[in-house]
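Proteins come first, then strands; the chains are lettered A, B, ... in the order of their sequence lines, and each starts at number 1.
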There are 2 protein chains.
Amino acid sequence: MTSRRPPTAQQFVLEELRRAITTGRLRPGEPIRQEVLADELDVSRVPLREALKTLQGEGLVGHRAHRGYYVEQLSLDDLREVYLIRDLLEAEAVRRAVGRLTDAGLAAAEAAQAEVERAAEAADVLAMAEANRRFHMAIFECAGLPRLVRLIRTLWDSTDAYRSVYYAEEANRRRVIEEHRATLDLLRRRDAEGAVALLAGHRAAAVEAIESVLG
Amino acid sequence: MTSRRPPTAQQFVLEELRRAITTGRLRPGEPIRQEVLADELDVSRVPLREALKTLQGEGLVGHRAHRGYYVEQLSLDDLREVYLIRDLLEAEAVRRAVGRLTDAGLAAAEAAQAEVERAAEAADVLAMAEANRRFHMAIFECAGLPRLVRLIRTLWDSTDAYRSVYYAEEANRRRVIEEHRATLDLLRRRDAEGAVALLAGHRAAAVEAIESVLG
DNA sequence: TTCCTGTATTTTGGATCCAAAATCCAAATA
DNA sequence: TATTTGGATTTTGGATCCAAAATACAGGAA
């Protein structure tokens with residue numbers, strides 16, 4: 001059981017900030033006024049600042065001495081770079097995952113996929129994005145490389161804001177579902193290279209779609 | 001010109017803490033007593049805590065709610081995992097670096113290598129480790145992928161403590177110098193795959209040496 | 001007008017203070 | 001003796017307060 005304990009203010013602020021940034025409520029480039037945010041979240045500036053420090057480590061916000069924090073904005077080049085790094089890391093994660101795939105791991109991915117489809121049905125973009133994340137993470141987790149998974153997770157965080165653009169399109173949502181099904185098939189057959197290639201295409205399509213919108 | 005400005009307390013504390021951890025003055029697993037450390041560094045607990053938060057993001061320290069921070073210790077598995085991730089990222093960085101290698105970049109690497117050799121001559125292990133880092137980073141920087149380089153840098157940080165073990169041996173120091181020279185040769189000839197392979201061996205040797213000491 | 005320049009205001013960075021959680025330790029009980 | 005329990009102590013988490021840096025702005029000179 002994961003600690004049922006009143007969450008510390010920092011954790012609360014951290015979650016809240018992540019949401020605010022990835023949903024775009026705090027817009028890229030915008031300076032973060034500590035006092036204002038602290039008042040809004042009803043905490044003092046101390047836990048806020050600590051949360052911002054971890055967000056800085058994840059690349060979601062930037063900081064300049066005596067000028068304060070600001071929401072980091074990804075250029076198109078940055079986006080491509082993040083996806084390049086993801087290609088490198090996720091390919092390895094999938095390769096390893098296939099090698100040590102367990103029934104439980106596969107079941108977790110299947111469960112997540114069921115949620116993805118349910119969310120797509122209901123046209124609930126946010127829920128779909130979340131379930132999609134669980135689907136992929138479930139697979140990565142099987143690799144048994146916790147640090148690698150943690151890195152991948154923070155890379156996902158840093159581009160969350162853009163992924164919503166992708167899911168906005170009905171066609172993309174259908175595509176995601178198809179590719180997930182195909183991925184599960186390949187996993188069941190323990191076809192590592194097939195899965196790696198498929199997921200690489202999966203990412204490439206996302207990048208391309210996002211680029212075409214932003215470019 | 002890199003800002004000549006009185007460094008903020010946080011930056012000072014951050015550097016100091018990194019040094020303390022990577023040199024082993026703060027030992028793995030050891031809990032970090034904030035008040036004590038703050039007194040030692042002659043700052044209040046606030047900037048200390050913020051520095052610890054960034055260190056946590058880098059994986060150098062861990063944190064548990066209401067129990068505080070502690071120096072993260074890497075198991076052998078963790079060490080292998082970090083080096084696996086480095087393999088993936090650095091291979092790509094080198095490949096790209098060779099493609100867009102500039103005279104300035106090459107010169108930077110050569111300058112760093114000169115320092116490595118000077119430090120080795122003087123048997124100054126710490127200076128050698130630092131120069132070695134500059135050598136590799138100089139190469140990676142040429143890739144023109146700042147996020148990738150930043151990731152690699154934090155991976156290096158997380159294993160700095162172990163690298164000193166490697167440099168303690170005279171034979172290893174000689175080996176490093178040889179391999180660096182060979183690397184520079186390959187770079188001058190724009191032999192990307194050769195450099196990638198050589199540096200992979202470079203890392204493998206380090207892991208093996210460290211394992212044999214700790215195992 | 002445009003460009004300085006010096007001052008008021010805002011905002012961040014850091015120190016101190018307070019509350020809450022965890023640890024420690026001794027006495028009491030089974 | 002081993003274990004539990006109740007408080008004293010320590011240590012962290014958070015709020016408030018103060019200092020220093022940056023920004024905004026008004027007035028003056030070219």
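Between the side chain of B:Arg49 and the base of D:dG14, at least one donor-acceptor pair of N or O atoms lies under 3.5 Å.
Near-neighbour residues of DNA chain D inside residues 28-47 of chain B, defined by a heavy atom below 4.0 Å, number-ordered: B:Ile32, B:Arg33, B:Gln34, B:Arg45.
Going from atom CD of B:Gln56 over to atom CD of B:Glu72 covers 9.0 Å, rounded to the nearest 0.5 Å. Distance check, rounded to the nearest 0.5 Å: CD1 of A:Ile210 to OH of A:Tyr162 gives 9.0 Å.
Rounded to whole angstrom, the span from the CZ atom of B:Arg64 across to the P atom of D:dG13 amounts to 12 Å. Taking atom CG of B:Leu48 as the reference point, atom P of D:dT12 lies 9 Å away to the nearest angstrom. Taking atom NE2 of residue B:His66 and atom P of nucleotide C:dA20, one finds them 11 Å apart after rounding to whole Å. For A:Gln11 and C:dA21, the CD to P distance is 13 Å, given to the nearest whole Å. For A:Phe12 and D:dG13, the CZ to P distance is 18 Å, given to the nearest whole Å. Put simply, CG on B:Leu52 is 16 Å from P on D:dT11, counting in whole angstrom units. Whole-Å rounding puts the B:Glu50 CD to D:dT12 P distance at 16 Å.
Using a 3.5 Å distance cut-off with no hydrogens or angles, the side chains of B:Gln113 and B:Glu117 do pair a donor with an acceptor. In this model, no donor atom of one side chain and acceptor atom of the other lie less than 3.5 Å apart for A:Thr154 and A:Asp157.
For A:Tyr69, whose side chain is taken as the heavy atoms from C-beta onward, the closest listed nucleotide among C:dG13, D:dG13, D:dG14 is C:dG13.
Between A:His63 and A:Tyr69, the ring planes are tilted. Angles from 30° to 60° get that label.
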Practice task
Check the pair A:Leu17 / A:Leu48 against side-chain contact (heavy atoms from CB on, under 4.5 Å), numbers first and verdict last.
Solution key: CA-CA 9 Å; A:Leu17 276 183; A:Leu48 172 66; 3.9 Å; yes

Exercise for the section: Could you go through the side-chain contact (heavy atoms from CB on, under 4.5 Å) check for B:Leu155 and B:Glu90 one step at a time? Expected result: CA-CA 11 Å; B:Leu155 290 171; B:Glu90 294 184 19; over 6 Å; no

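For the strand DNA chain C, secondary-structure stems (runs of at least three Watson-Crick or G-U pairs, all distances below 3.5 Å) span C:1-30 with D:1-30.
Every residue two or more places apart in sequence or in another chain was checked for a side-chain hydrogen bond (donor to acceptor under 3.5 Å, both in side chains) with A:Tyr166, and none qualifies. Looking at residues two or more places apart in sequence or on another chain, you find a side chain to side chain contact (heavy atoms under 4.5 Å, CB included) between B:Asp87 and B:Arg203. Under the side chain to side chain contact (heavy atoms under 4.5 Å, CB included) criterion, A:Leu76 pairs with A:Arg80, A:Glu211, A:Leu214, sequence neighbours left out.
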Measure all distances between protein nitrogen or oxygen atoms and nitrogen or oxygen atoms of nucleotides 23-25 of chain C, and list the pairs falling under 3.5 Å.
| from | atom 1 | to | atom 2 | distance (Å) |
| --- | --- | --- | --- | --- |
| C:dT23 | OP1 | B:Arg67 | NE | 2.9 |

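Applying the 4.0 Å criterion to OP1 and OP2 of D:dG14, one finds that A:Gln10 has a side-chain N or O inside that range. OP1 and OP2 of D:dT12 both lie 4.0 Å or more from every side-chain N or O belonging to B:His63.
Counting heavy atoms from C-beta on, the side chains of B:Asp124 and B:Arg118 never come closer than 4.5 Å.
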